[in-house]
Structures are given as C-alpha cells and as structure tokens.
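What follows is one structure encoded as structure tokens, with my remarks underneath.
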2 protein chains.
Amino acid sequence: MRVELTIKDIARLAGVSTATVSRVINDYPGVREKTRIRVKKVIDKFGYQRNILARKLVTKKTSIIGVVLSDITNPFYSEIARGIEDEARKWGYTVIFGSTDNTREIQKEYVNLFREQRVDGIIFASVALQDPDVEKLFKEDVPFVLVNRKLDTIKTDFVVLDNVKGAYMAAEHLIKLGHKRIGFICGPLNYSTGVDRLRGYKEALRKYNIEEYPELVKSGNFRQESGYRAFKEFMSMKSPPTAVFASNDFMALGVLEAALELGIRIPEDIALVGFDDINFASFKFVSLTTVAQRKYEMGAKGIQLLIKKIESSERWIPQEIYLKPRLIIRGSCGYKLSGKKRKKGGVR
Amino acid sequence: MRVELTIKDIARLAGVSTATVSRVINDYPGVREKTRIRVKKVIDKFGYQRNILARKLVTKKTSIIGVVLSDITNPFYSEIARGIEDEARKWGYTVIFGSTDNTREIQKEYVNLFREQRVDGIIFASVALQDPDVEKLFKEDVPFVLVNRKLDTIKTDFVVLDNVKGAYMAAEHLIKLGHKRIGFICGPLNYSTGVDRLRGYKEALRKYNIEEYPELVKSGNFRQESGYRAFKEFMSMKSPPTAVFASNDFMALGVLEAALELGIRIPEDIALVGFDDINFASFKFVSLTTVAQRKYEMGAKGIQLLIKKIESSERWIPQEIYLKPRLIIRGSCGYKLSGKKRKKGGVR
DNA sequence: CGGTAGAATGTAAACGTATTCAAATAACTT
DNA sequence: AAGTTATTTGAATACGTTTACATTCTACCG
C-alpha cells in the first residue's frame, strides 16, 4: 500500500495549521470560506483519507455496534441482521455480528470481543430469560438493546413482537375453523418467545372454553427436527389433534416433512399453522399459514433505538416496543379463501 | 461507563514501566517471570482492558476484514458468511459484512467504508466479471480475495467452485437418464458463475453429441421469479424440454412453483436439477437434485487465504483454489434410487 | 573480585487526530 | 481612527499504546 498523507501534510501543503484542517474535515464552523476551500482543494489534489483510528482514540467513539444473534444462517435472523445493517449504514455506524448458536460460552466470547473493540453499543437478538452477560452489561451501564427476545429480570430497552397476541391469533384462527383438539409445539421455555407463545395459545383456549389437554403440548427447540418429532408423537396418539400450531416456522417445516412421510395430507387431514413467516413459508409448495413478524423492521427499529440511546445526552428512560403481529392465511390451515386463490387445493 | 485504567496506571501500581506492562500484555519475551506475575496480579486485581484503538494506531493493523456479498439474507451467502465469521474468530480477526444487492453504488460505498475503517483486507463474495472497484484495489495493492465468483481481468487469489465441472455433471446426469431436450435456465452472464455453468452445460451436450437448441437456453438472474418465468416459457413451446437444469436453486424453486401452478409433476412429467444445494433443497417436500457446493467451507477457506496473504512477509503469489462439486441426487430428477429411499414417489 | 555478555527494564518518541485556549485578525461602532 | 467585539487561526496537549534504543541488573567467567 502506498504512503498515506496525514493531516499534518495537508496542513503544510495548504499553509494552515492542523487544527484548521481538522475543522474543515469535520465540517466544523469557525473557518473562513476562503481557507475552507483552499484546504479542500489541497485534499482533493493530493488525496487524503483521515485515519479513523486516531480519531476514535481521541473521541472515544467508535461508531461500531456489536450484534449477537444465534445464527446468521438462520433466515429469521439474517433478515433482522439485514435490517440492522442497512439502518446502521444510514446513521454512519458499522456493525459486527456474532453467531452464538445459542451457546453461553460463545456469547460471552463475543461480548468480550465487542467490548475489546470498544463498540458503542450492543444488540442482543437472541437473549435467554436468564442472561448473566446482559445483566452484567446492565450493571456496568453499557448501552444495549434487546431485539426479538426480551428479559424480565431487568428493566431495559427492547423491540419485540407481541408474541402472546400473535399466538393467540393463530390459535383463535384454528378454533374458529372448528378445531377443538389443537396440538401445540412449544418453543424453549428459557426464551421469552417460547413462554409468550405458549401463553397466547393457552389464553385462546381459555377464552373459547376449550379444554386443555397436557398431552397436546409438546416441547420443541425451534428446530426442524423437533417439529418433525413432535408431529410423529402426535400421530401416534390414540386420538391425535386435528390441527397443529407450531410455535415457529422451522418446526412447522418439520411437521410438513413428517406428514409427507406418514402420508398425512396438510391441510385436508390436519391443519397447520406456523410462526415467524420466514421466506420459505410463502412458497406455493409450502404455503404455510403463519404469524408474520416484520423482521427487517425489527432490526432497523432496534438499532435506531440503540443509536438514540447512545447519542442521547439526557438520562435515558428504557423503551419497550411491541410490534404488532399479523396472521397470514395461506394453504396449510385449510381455510377456504374466497376468489380464485388456492384453486389447486392444499399443499404437497 | 466507569473509568478505565490505562497501561500507565497499571505500570504505576506494579512499580514498573509502561513498556514492561506492554510486554506482559502481549506475552512478549524478555521479562522476568517474577515481574510478569507481579504485573498480572495487578491487572487481575484492578481490572484492565487494553485500548485496542491506541494499539491499532501504532501497529497499523486493525485485524478487521471487510466482506462484500450481495445479500446476507440469501441463504447461499449467509452460509458463506458464517464460514467466514467462524474462521475469522479463530484467527483473532473481526469481520464487517456489506450487502450490496449486486449494486455497484452500494458496493463502492462499502469498499470506501472498509478502507476508511482501515480493514486489513477484503473478501468479495459476489464480484462481477468487470469490476472497477476490485481492479482499483488490485492496483493499490490492498489485500483481497475473491470467493464464489472470480474475475478474469486480473490475476488474483480466489476460492471458487469448479462451476464448469458442476454444470457438466448435472447435465450429464440428465443425459444419462435419457433426456435429449434439456432446458437450461442461465444465470447472469456478467458473473463467472453464470458463464461457467453455461459452459459446463454446453460441454456436456457436445460430449454426448446432443444437439443444442438455442431456444432451450433461457436467461435468468438467479432469482426465483426468473426461474418461474423461464419455466412457463418452456412450457409454452410447441415441444418443451423433458428436463430442466436451473443454474441455481432459487431459480429451480421458481420452476417448482410454476410447475405446481401449471399442474405439471416434477419429476414424473419433467425432470429438474438445480445448483448450489441451499438448505431448502434437501427438505423432503422439495427434494431437489442439485450440484452441491460447500459454502461454509468456501468462506472459511477464503478468509484463511486472505489472512495468510495479509500476514505473509514474502512476495505473495496469487492462489487459485477450485473446490470440487458434488452432484446430490434427490427426487426432482426422477432417478430411481435403489433401496428404501423415496418410496413415496416424487415431489409434491 | 573485576570484567563482561546477556537479560531485564526503562525512557522517550512515535502513531494521527481532536480540542482547549490563547493569539491574531477582521468587522463594527462611535 | 481608536476602541471594542466577534471571528479565524494556531500552538500545544491529550488520547493510550508500541517499540527502538539506552541503561541497569544479573550471572557467569577467568
């Protein structure tokens, strides 16, 4: 790499002091138009790129934000990530992602890395209900925002979907289609998304006076295999559910796989609803009815909030943002859409 | 945030000079065991985290690597990204991703951002055949590595799949299944992946003395809709192809959608092969025969290469790495697997 | 025990910017 | 035109490390 000019060189070449050059570079006021132009000309002519490291050293602001999420490969998270990335760029921030695979050790490693890199703040997109790392940051006053999943132990900023409401809507929809025995594939109960969706499901049953059968609630881990397994278990019961609500789309995909294997038709034999509306859910040969959340927007909102918090000078009051869920009705729930849609029957 | 101790404080507290502290921190030799321990104790007791910015300023090494790819949301790229991320972490590097949507302007913006951030090197995962940005970096001796797609205009490092071979294998497979009219949905011809896969397809036809019909090659853009459109066009021909080879999986998914809509069965009516082996291809209700590439590994290899290049002191000779493609035979091509697999027939 | 090589430690100068405060200059005011 | 105020400019310092070089210790030798 060729040699780089410094602010000193520019100052010398323009016949001014480094302070003036600095002021010009940062568009600070208090420099005469004439000299401003002169300095700019020199910069254009000889080329200059300020050394952001030196700048960061003195300003103590890196404009970097760390993001921990469980897996960038997971389409759910990659959409959030994209929202974060795009929005960050707009505000002049750079982001570093860390995929933890929901592992405490790797999360800790990334949090340490982020702090070593002197990030201005951190976004957690996949926090657990008990999270020592986050609580530590809270105590130490490091700015952060939770996204997607929240935490009850501390009062802090978050942007999440109203998961209770979303699950309620999904269950309600199945109930209104006439289902009385609705199997629920639960997410991990150490995540707010897991417990909230379970709560929503139960609330709907209660509201419509439908008896709760414990055997209709299977635990899953948000991964496809667990949906697959749960569905097979459902189907081996003496009286299986007539509908299944999987608390995320991946598990719903597992259900589809299992159904295909068992020769069970969705939705003709069993209705199915998912949660999240990941990309694949909308493919015609999947056509999964699901509770949608705007993942991109969630990421964008999250980083907006974080940046506001970082840049705010006054005492910050934590913001709790709940996004509205939408039920997207496709083929897998068996709802008969009016008009010409779904003329070809169900999925598969 | 509470006040941070500096190397000076530690030096004072341990009764040594800053140079010694620095040596301890960096595990440099030339400091007596006794003093090393003393310094470490002080650090443990009072807590200290070195300011990496100051360090970077003097060493001129940021240990940051920029990655430009077309879209982190695209499962193909997110897998590459994950490979890069994990491997980078192992080597003590941090990575910044930039999603360009294959846009020249955004790519330029990100390259500028990366340079402003003083990254040690850059990985391009979605370079075009003519790419002024990359050629400029090449001239200016900025270390970079191409991954996934390559460039003919300059001699540089890359890690790509042998796309010609891969496409050849796919086409050959269809030929051996007895197909004579194989529709090809081409990728953009301004990417090496586009042209190489086309070349592989043609080579196979030639090798097996199958006549090439220009109308059997439709242009696509690697996106689902274009596969959808191309398939519909094929099906409106007087004599449509009996098999379709889409040069990536997304376009193959488009084909599946179109087929579903037209009531055409895959593979019974028309055989289908894709390329890339994105996650979704392996789902049972998709079951797409495809040319697999190890995306994670490609990313990991790419960054390994880049780091080696960055850290090498001798004159660097560009490395050209071709990864081997594998044909993964699933349901969509109509190949009858022996044994118990696919007992349920084709897709859908 | 004096001398000396080698190891351990310290001193001081970078690295490239932002920023405070004082000095210089320009712009008004009367 | 002198005095006053506002605006521009510059000098100097700080940010927190690393590192070349000088100095001091230590240990070993004859």
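A, B, ... follow the sequence lines: proteins, then strands. Residue 1 opens every chain. All of these numbers come straight from a predicted model, not from anything done at the bench.
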* Side-chain ion pair, E109(B) and R89(A), N-O less than 4.0 Å ->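 Looking at E109(B) and R89(A), the cut-off is met.
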* **Criterion ring pair (Phe, Tyr, Trp, His ring centres under 6.0 Å) against F158(B), the qualifying member of F124(B), F144(B), Y322(B)** =>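 Only match with F158(B) under ring pair (Phe, Tyr, Trp, His ring centres under 6.0 Å): Y322(B).
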Which nucleotide in the list [options] gets nearest to the side chain of [X]?
X: S17(A); options: dG10(D), dG10(C), dT17(D); answer: dG10(D)
X: R32(A); options: dG10(C), dA11(D), dA26(C); answer: dA26(C)
X: V16(B); options: dT9(C), dT9(D), dG10(C); answer: dG10(C)
X: V31(B); options: dT8(D), dT9(C), dT19(D); answer: dT9(C)

* To do: Residues of residues 53-63 of chain B with any non-hydrogen atom less than 4.0 angstrom from an atom of DNA chain C: list those, numerically ordered, please.
  =>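 Of all residues in residues 53-63 of chain B, the ones placing a heavy atom under 4.0 Å from DNA chain C are L57(B), V58(B), K60(B).
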* Would you give the length of the straight line joining atom OH of Y93(B) to atom OG of S63(B), rounded to the nearest 0.5 angstrom? =>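 One gets 5.0 Å once the value is rounded to the nearest 0.5 Å.
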* Touch check for S22(B), heavy atoms < 4.0 angstrom, all strands: base, sugar-phosphate only, or nothing? ->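 Base contact - S22(B) has a heavy atom under 4.0 Å of at least one base atom.
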Do the side-chain N or O atoms of [X] get closer than 4.0 angstrom to the phosphate oxygens (OP1, OP2) of [N]?
X: N26(A); N: dA18(C); value: yes
X: T20(B); N: dG10(C); value: yes
X: Y28(B); N: dT19(D); value: yes

* Asked: R36(B) CZ to dA8(C) P: how many Å, rounded?
  ->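 To the nearest whole Å, that distance equals 9 Å.
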* K34(A) NZ to dT8(D) P, straight-line distance once rounded to whole Å ->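 From K34(A) NZ to dT8(D) P: 12 Å.
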* Ring centres of Y110(A) and F97(A) under 6.0 Å apart? ->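 They do not qualify: ring centres at least 6.0 Å apart.
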* I43(B), V39(B), D9(B), V42(B) screened by side chain to side chain contact (heavy atoms under 4.5 Å, CB included) with Y48(B), the one that passes ->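 With Y48(B) as partner, I43(B), V39(B), D9(B), V42(B) yield a single side chain to side chain contact (heavy atoms under 4.5 Å, CB included), made by I43(B).
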* Beyond-backbone contact of I25(B) with I7(B), side-chain heavy atoms, under 4.5 angstrom ->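 They are in contact (side-chain heavy atoms under 4.5 Å apart), so the answer is yes.
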* **base_contact_polar (dG10(C) base, R23(B) side chain, donor-acceptor, <3.5 Å)** =>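 Pair found.
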* Of K150(B), K309(B), K308(B), which is the lone residue that meets side chain to side chain donor-acceptor pair (under 3.5 Å) with D157(B)? ->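 Of the listed residues K150(B), K309(B), K308(B), the side chain to side chain donor-acceptor pair (under 3.5 Å) partner of D157(B) is K309(B).
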